[in-house]
Amino acid sequence: MQAKETILKGCYLLEPTIFGDDRGYFFESYNKIQFESLVGETVNFVQDNEAFSKKGVLRGLHFQEGQHAQAKLVRVTQGAVIDVAVDLRPKSETFLKHIAVELSSDNKKQLFVPRGFAHGYIVITETAVFNYKCDNWYKKASENGIIYNDETLNIDWQFRPEQFIISEKDKRLSTVKELFK
Ligand SMILES: Cc1cn([C@H]2C[C@H](O)[C@@H](COP(=O)(O)OP(=O)(O)O[C@H]3O[C@H](C)C(=O)[C@H](O)[C@H]3O)O2)c(=O)[nH]c1=O
């Protein structure tokens, strides 16, 4: 596994070492000792999630507040998405900056999104299976988020489906200006 820190401090793009042979391939998708050595911190994941979505589905931008904040290690095991992480740490040099990366079952890339970030993705293939680890449990009451087309963030989702498929909940998310007024 190799890792490269993105422009957002503490947010890493990871690439596994793939072992191919005439049967197919094998790779370690997660190894605690190696992962922590690459990202430079102890991370105790407690929950694994999986989401299946159709083309054009946009989930996010989400985060959990306060002590329920979650760090996430995200990857795609079928199809492809444009994955977005936004730095919401007021003291960070990259506060309100974001990255957008393609994660896919082909490139097998993973993104480590630290606590204090908002996260979301849009599906760019017919379907996608999104798998991720969280270092804190789901806490519905602490859920919050930023609307996907927030003017301050001005995210280029790099994909313009005939229509975005967005949950009613996500259509009602706040803007950055509302969240940080
Ligand atoms: C996140 C979550 C949801 N749920 C239940 C709550 C709802 O009944 C149902 C769907 O939840 P939601 O519409 O919030 O799922 P997503 O829109 O995929 O939310 C996720 O999408 C973005 C991209 C994220 O980074 C977060 O992990 C998470 O917010 O699953 C659970 O039971 N446990 C959970 O951890």
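Remember, it's 1-based here, ligands and their atoms both numbered in the order they're listed. Computed from a prediction, not measured in an experiment: that's the story for all the values here.
- Panel note: side chain Asp150, backbone Val176; a donor-acceptor pair is recorded below 3.5 Å.
- At least one heavy atom of Gln47 sits closer than 4.0 Å to an atom of ligand 1.
- Under the 4.5 Å side-chain contact rule for hydrophobic residues, Tyr132 and Leu88 do not share a cluster.
- For Lys169, the NZ atom is densely surrounded, since the number of other residues' heavy atoms within 6.0 Å is greater than 12.
- For ligand 1, the atoms lying closer than 4.0 Å to a non-hydrogen atom of Tyr132 are 20 (C), 26 (C), 27 (O), 28 (C).
- Among all non-hydrogen protein atoms, the one lying nearest atom 28 (C) of ligand 1 is His62 ND1, 3.5 Å.
- Proximity of atom 18 (O) of ligand 1 to the protein is indicated by at least one non-hydrogen atom lying closer than 4.0 angstrom.
- Residue-level proximity to ligand 1 for Lys140 is absent, since no heavy atom of it falls below 4.0 angstrom.
- Looking at ligand 1, you'll find an N or O of Arg59 within less than 3.5 Å of one of its N or O atoms.
- Side-chain contact between Gln110 and Tyr12 is absent, with no heavy-atom pair separated by less than 4.5 Å.
- Looking at Lys72 against ligand 1, only its side chain comes within 4.0 Å, counting heavy atoms.
- Using a 4.0 Å heavy-atom cutoff, Gln70 is absent from the residues neighbouring ligand 1.
- For ligand 1, the atoms closer than 4.0 angstrom to any heavy atom of Asn49 are 35 (O).
- For a threshold of 3.5 Å applied to N or O pairs, the pair formed by Asp170 and ligand 1 contains no separation below that value.
- In summary, the atoms of ligand 1 found under 4.0 Å from a heavy atom of His119, numbered by their order in the structure, are 23 (C), 24 (C), 25 (O).
- If you check which protein heavy atom lies closest to atom 14 (O) of ligand 1, you get Lys169 NZ, 2.7 Å.
- The nearest heavy-atom contact from the protein to atom 7 (C) of ligand 1 is Tyr138 OH, 4.7 Å.
- The side chain to side chain contact (heavy atoms under 4.5 Å, CB included) test with Phe112 singles out one residue from Val39, Thr6, Leu13, and that residue is Val39.
- Taking the charged nitrogens against the carboxylate oxygens, Arg59 and Asp170 have no contact shorter than 4.0 Å, which rules out a salt bridge.
- Taking a distance limit of 4.0 Å, we find that atom 9 (C) of ligand 1 is approached by no protein heavy atom.
- Using a cut-off of 4.0 Å between Lys/Arg side-chain N and Asp/Glu carboxylate O, Glu36 and Lys32 are scored as salt-bridged.
- For Phe95, the side chain to side chain contact (heavy atoms under 4.5 Å, CB included) partners at least two apart in sequence or on another chain are Pro90, Phe180.
- With respect to the salt-bridge test (charged N to carboxylate O, under 4.0 angstrom), the residues Asp87 and Lys97 do not qualify.
- The protein reaches atom 35 (O) of ligand 1 closely, with a heavy atom under 4.0 angstrom from it.
- With a 4.5 Å cut-off on side-chain heavy atoms, Phe159 and Phe164 do not count as touching.
- For Ile33, the CD1 atom sits in a loose shell: 12 or fewer heavy atoms of surrounding residues, nucleotides or ligands are nearer than 6.0 Å.
- Considering both main-chain and side-chain atoms, Tyr121 never comes within under 3.5 Å of ligand 1 through any nitrogen or oxygen pair.
- There is no protein heavy atom less than 4.0 angstrom from atom 30 (O) of ligand 1.
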